[in-house]
Asks: 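Would you mind keeping the following structure in view while I ask a few things?
The chains referred to below are lettered A, B, ... by the order of the sequence lines, with proteins before strands, and numbering in each begins at 1.
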Number of protein chains: 2
Amino acid sequence: MMEKALPRPTDAELAILNVLWERGPSTVRDVHDALAGRQATGYTTVLKLMQIMTEKGLVVRDETQRAHVYSARTSEQKTQRQLLADLADRAFGGSPARLVMQALSGRKASAEELNEIRELLDRLEGESK
Amino acid sequence: MMEKALPRPTDAELAILNVLWERGPSTVRDVHDALAGRQATGYTTVLKLMQIMTEKGLVVRDETQRAHVYSARTSEQKTQRQLLADLADRAFGGSPARLVMQALSGRKASAEELNEIRELLDRLEGESK
DNA sequence: GCTCCACTACGAAAGTTTTCGTTGACCATA
DNA sequence: TATGGTCAACGAAAACTTTCGTAGTGGAGC
């Protein structure tokens, strides 16, 4: 059973997915309102995007209610990994490790964050043993 | 002196930048040939893209030769960091640390890579002291 | 000088993304 | 039953990305 790869979400689509991941299943109205703070987009713009996303399979919708209820088709984690793999391919010669190193050295992470990452490393190291 | 933010390169533009970073200053012919293996694009397509990239400021060109010589305006590192910061903003709630953790847990890095990353962590930890 | 070739420039077309105005349907309620 | 509000659907336009055909230019070699 081949799981068909969903297309990489565009910027505007990703903004909508973020709302769906945060709020769970939502109507267009919900998403539009949630987006209102960050983006200044019209209601029908959000609606149209979500219709397109439905066609693409990025979201699924429940039409039993008058106001259709949309859900992200793919988890946030899975999408994040897809985006990272994609970026690694396009900008890091296909090497996720190089991506990580650049991300680490590029910015000052807090001490706690560094520790978290170190613990994660320990855990990974443990698994591969 | 405000350094104006260059636009995020598109997929096709990034492919060209990769060639320029690898080869150094190159003509359109050079880039086209280098791309030939991976992409099947016509010569004029590459040319047009590089003209657009010149307008955008992503590359600069030396026109003293008949075959113009193009160079990336921004280093590979800097561009990579910009792309990572951008992705962190769009898909990781603005948190590079979360991006790193997802990148690490998402894939099996080799033991050597993990060690490299650990050393990098040590260095970072040292600096922040 | 002429011809051929490689190159840049230009413009157009196709595809994708983002935006929004308009329309018609449904439902509540006066 | 009429009115008003909310909603999905549709279509179109604007912006951006990607593609390539055609034209013109300049230099090398005959």
Asks: Quick one, Leu14(A) and Leu83(A) - any side-chain contact, counting heavy atoms below 4.5 Å?
Replies: yes
Asks: As a test of understanding, state which of Arg61(B), Arg66(B), Gln65(B) forms a side chain to side chain donor-acceptor pair (under 3.5 Å) with Glu63(B).
Replies: Arg61(B)
Asks: Give the rounded distance in Å between these two atoms: NZ of Lys56(B) and P of dA15(D).
Replies: 15 Å
Asks: Is Leu114(A) linked to Leu121(A) within one hydrophobic cluster, defined over Ile, Leu, Val, Met, Phe, Trp and Tyr using a side-chain heavy-atom separation of less than 4.5 Å?
Replies: yes
Asks: Is any side-chain heavy atom of Asn18(A) closer than 4.5 Å to one of Leu35(A)?
Replies: no
Asks: Does Arg8(B) have any salt bridge (Lys or Arg N to Asp or Glu O under 4.0 Å) partners at least two apart in sequence or in another chain, and if so, which?
Replies: Asp11(A), Asp86(B)
Asks: To the nearest Å, give me how far apart CE (Met53(B)) and P (dT19(D)) are.
Replies: 13 Å
Asks: Does some side-chain heavy atom of Leu84(B) sit less than 4.5 Å from a side-chain heavy atom of Phe92(A)?
Replies: yes
Asks: Say whether Gln77(B) and Arg81(B), considering side chains only, have a donor N or O and an acceptor N or O under 3.5 Å apart.
Replies: yes
Asks: Rounded to the nearest angstrom, tell me the gap between atom CD in Glu55(B) and atom P in dT17(D).
Replies: 12 Å
Asks: Can you tell me the distance, in whole Å, between the CG atom of Leu58(B) and the P atom of dT17(D)?
Replies: 10 Å
Asks: Mind checking what makes side-chain hydrogen bond (donor to acceptor under 3.5 Å, both in side chains) contact with Arg29(A), not counting sequence neighbours?
Replies: none
Asks: Would you tabulate the pairs of protein nitrogen or oxygen atoms and nucleotide nitrogen or oxygen atoms of nucleotides 27-30 of chain D closer than 3.5 angstrom?
Replies:
none

Asks: With heavy-atom distances below 4.5 Å as the criterion, would you say the side chains of Leu20(A) and Met53(A) are in contact?
Replies: no
Asks: Could you check Asp30(B), Val60(B), Asp62(B) and say which one makes a side chain to side chain contact (heavy atoms under 4.5 Å, CB included) with Val69(B)?
Replies: Asp62(B)
Asks: Examine distances only and state if a side-chain atom of Thr44(B) and a backbone atom of Leu47(B) form a donor-acceptor pair shorter than 3.5 Å.
Replies: no
Asks: Could you list by number each residue of residues 7-25 of chain B showing a heavy-atom separation from DNA chain D of less than 4.0 Å, or answer none if no residue does?
Replies: Thr10(B), Asp11(B), Ala12(B)
Asks: Mind running a 4.0 Å heavy-atom check of residues 29-50 of chain B against DNA chain D and sending the residues that fall below it, in number order?
Replies: Thr41(B), Gly42(B), Thr44(B), Thr45(B), Lys48(B)
Asks: At the 4.0 Å heavy-atom cut-off to chain A, mark where contacts on DNA chain C begin and end, going 5' to 3'.
Replies: dT17(C) to dC27(C)
Asks: Reckon Gln51(A) has a side-chain N or O less than 4.0 Å from the OP1 or OP2 of dA9(D)?
Replies: yes
Asks: Could you check whether any side-chain heavy atom of Leu104(B) comes within less than 4.5 Å of a side-chain heavy atom of Ile117(B), counting everything from C-beta outward?
Replies: yes
Asks: Report yes if some heavy atom in the side chain of Thr79(B) is under 4.5 Å from a heavy atom in the side chain of Glu76(B); otherwise report no.
Replies: no
